[in-house]
There are 2 protein chains.
Amino acid sequence: MKPTIKDVAKHAGVSVATVSRIVNGLSGYSNETRDHVLKIIKELGYKPNEVARNLVNRKTNTIGVLVPKLSSSFSARLLQGIERVSHQNQYTVFVCNTDSSGTRTLEYLKLLSEKQVEGIVFASKYLTNEYYEAISSLQIPTVIVSSFSKRKELPFLKVNDEEAAYAATEYLIKKGHQRVAMISGPKKDLIAGLPRIIGYHRALSDHHFDLDENLMAYGDFTYTSGYRAIEQLLKKDPNVTAVFAASDEMALGVISYCYEKGIRIPDQLSVIGYDDTELAQMSTPPLTTVHQPIQKMGEKAVETLIKMGKGEKVESRFLPFSIIERLSTRTIR
Amino acid sequence: MKPTIKDVAKHAGVSVATVSRIVNGLSGYSNETRDHVLKIIKELGYKPNEVARNLVNRKTNTIGVLVPKLSSSFSARLLQGIERVSHQNQYTVFVCNTDSSGTRTLEYLKLLSEKQVEGIVFASKYLTNEYYEAISSLQIPTVIVSSFSKRKELPFLKVNDEEAAYAATEYLIKKGHQRVAMISGPKKDLIAGLPRIIGYHRALSDHHFDLDENLMAYGDFTYTSGYRAIEQLLKKDPNVTAVFAASDEMALGVISYCYEKGIRIPDQLSVIGYDDTELAQMSTPPLTTVHQPIQKMGEKAVETLIKMGKGEKVESRFLPFSIIERLSTRTIR
DNA sequence: CTGAAAGCGCTTACAG
DNA sequence: CTGAAAGCGCTTACAG
């Protein structure tokens, strides 16, 4: 059996109260008894039981993170940020993979609540009303990352997708491109789909280009779908000179297709991606893309949680994106 | 305040013992009282406090995972596997980023022990004696993933790096290559460095090739280091026709360098990587590489932990690797 | 079928 | 400076 505080007290010939005070660095004991108790603690290899502490303190120093897929680069970078600030503030983090499944999400929400976590980072897909209700009923500080809901009561942290897509499109236009295509995610994706399409459209009209369905292709953010999309696109309009892909993976699909077909990038076709995953800097040619500060989002999320725990007011925030210029785009004239 | 079991008992007019039995699905109550209590539970929104349960049951259903860097693709895939099997078995997982720092590792080990985790997955670099001592003193089931220590007492789960490197090299030799170079990680890396070099050497001598320092270059597993290494290598020996890179990232550095210099892959140079990260399938050309079943390792790790918790004997295991043939290598004659 | 009571391993007024 | 005691929110023999 592991030694408990009682064992220490008995061996040291003092009360558990005294041991507790010493362990927690409170006042109320002489240097002698402290040294003696510390010695016993060492001898016995005593370590306080956090579970018992958590129960009496009504505090677990634990937060939970819900992501749709742990193995994604997005989750990995987010977790890195979350863990950093959590550890800095003495919090430990539970990871939960929801698999984008509604039941798993609800299940985990319940579990986290029972485990008495003090905060939740929700980075799992669009926040439906169902999720929203479940979260509010928990009464646990929660922040939404890279997503949002129509209900404004929960703070979110994300990049403004529409603005970012606008910027990416405008970047291409300013490079002199006249036929700028877009490879989008699904229209019904209210986070990374529709808003980026709207941004693209708005940039085109602001620069007096007509909207043209021949310039649009749809994928599902994956490499393969990007490959197929560019094939279609070039069939519909061989004069496209630039394409904005709504994910780096799809952009890599484009690069790969072009490589196979002997279409030189950026000489014959410029491509800009979205996300700035590690892939982007290692592709050939290195990919120009929209950078999202994902790790930073994780850090901010935990900071927000901690503020909420203290009862401070917090607000939803758009985090700044930026365009990382690499070698997959060029100026045309 | 959140309702406790006492509140439920009071409102329902029964004892806490009865409520407890009902909540836990034990026997010992009539259908009537059950229905009544369940109704009260719903009305009050009662959820059992896991912390209190954990204390009396001396069981937390929690495991901890130590990784050197959360944002890596390796950690992401490992976590995916770990979470899957954990959740399947009603375990929740704490993630700990050690930053490859000794003090952080030791700190987290202590913390996990205080939090009463029931198992630890240690995926953090080479297991020094110091770590080994710390872990054994914890008396908590622990499995080492993708690493090992000289001390045999702790079960490990990894790919046999030497064999995998041997296979990669031999693959190239059997394709007819006569000048097969290697871009290795640091020699002093006892996990991913030296063993792979040894495998490479062994494959060469088994096929009657001389060892030649001109055929070796060293990097640190990163993209940039791969780029620099191939530059050096080609300077030392322009007749190299194939290279085995000890990581996919370094292999991508090679591809990138060759693209810039107009060296065609695989026509002029074959390259094989190691890891089979997502990068590999999305590169141009897609990268032939050594696949490690990382997610599977995570799954097996948790299964092993659970067995250990039950007092069953477990053993260290090498997991099978495989060579994923894509388009960056070709047969020469 | 049901409840009173002890106990899990701690912390914290309170009293001295 | 120190200890006895109550209590955190549960579970589980034990007795009826």
Side-chain angles (χ1 to χ4, degrees), chain A residues 1-38 40-41 44-62 90 110-118 139, chain B residues 1-38 40-41 44-62 90 110-111 113-118 139-140:
Chain A
M1 283 311 306
K2 286 186 194 171
T4 69
I5 196 170
K6 275 189 201 161
D7 298 316
V8 176
K10 197 171 300 171
H11 281 257
V14 299
S15 72
V16 294
T18 298
V19 177
S20 175
R21 287 188 200 103
I22 292 171
V23 168
N24 292 295
L26 303 178
S27 56
Y29 43 81
S30 69
N31 287 343
E32 293 169 62
T33 62
R34 185 198 56 204
D35 293 345
H36 180 232
V37 168
L38 252 22
I40 301 291
I41 286 178
L44 261 42
Y46 168 73
K47 267 183 293 208
N49 181 327
E50 268 297 314
V51 174
R53 278 182 164 174
N54 292 167
L55 181 60
V56 6
N57 294 331
R58 284 192 199 70
K59 185 147 183 22
T60 56
N61 275 267
T62 297
Q90 271 81 254
K110 177 154 163 278
L111 184 63
L112 290 176
S113 151
E114 294 181 357
K115 293 227 174 222
Q116 316 295 121
V117 300
E118 291 167 34
Q139 309 253 53
Chain B
M1 282 314 303
K2 286 185 193 173
T4 71
I5 197 170
K6 274 188 200 163
D7 298 316
V8 175
K10 197 171 299 171
H11 282 256
V14 299
S15 73
V16 295
T18 298
V19 177
S20 175
R21 287 189 200 101
I22 292 172
V23 167
N24 293 296
L26 303 178
S27 57
Y29 43 80
S30 68
N31 287 343
E32 294 169 59
T33 61
R34 186 198 54 204
D35 292 346
H36 180 233
V37 168
L38 252 21
I40 301 290
I41 285 179
L44 263 41
Y46 168 73
K47 269 184 288 202
N49 182 326
E50 268 296 314
V51 174
R53 278 183 162 173
N54 293 168
L55 181 60
V56 8
N57 294 330
R58 282 194 201 72
K59 187 150 180 16
T60 55
N61 275 267
T62 298
Q90 271 79 258
K110 179 155 164 275
L111 183 64
S113 153
E114 294 182 357
K115 293 228 173 222
Q116 316 295 121
V117 301
E118 290 168 35
Q139 310 253 53
I140 298 174

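Scope of the values below: all heavy atoms of this structure, side chains included, with no hydrogens, waters or symmetry mates. To find a chain, count down the sequence lines: A is the first, B the second, and so on, and within it residues start at 1.
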Are the side chains of [X] and [Y] in touch, meaning some heavy atoms are under 4.5 Å apart?
X	Y	answer
B:Ser20	B:Val16	no
B:Val51	A:Lys115	no
B:Pro48	A:Glu114	yes
B:Val23	B:Arg53	yes

What one-letter contact string describes nucleotides 8-16 of chain D from 5' to 3', where B marks a base within less than 4.0 Å of any protein heavy atom, S marks contact via sugar-phosphate atoms alone, and - marks no contact?
BBBSBB---

Which one is paired to C:dC1, where only Watson-Crick or G-U wobble pairs with both distances under 3.5 angstrom count?
D:dG16

Side-chain N or O of B:Ser27 closer than 4.0 Å to phosphate OP1/OP2 of C:dC1
no

For the pair made of NE2 in A:His36 and C1' in D:dT2, what is the distance, rounded to whole Å?
15 Å

Out of the candidates B:Thr60, B:Asn61, B:Asn49, only one should pair with B:Asn54 under the side-chain contact (heavy atoms from CB on, under 4.5 Å) rule; please name it.
B:Thr60

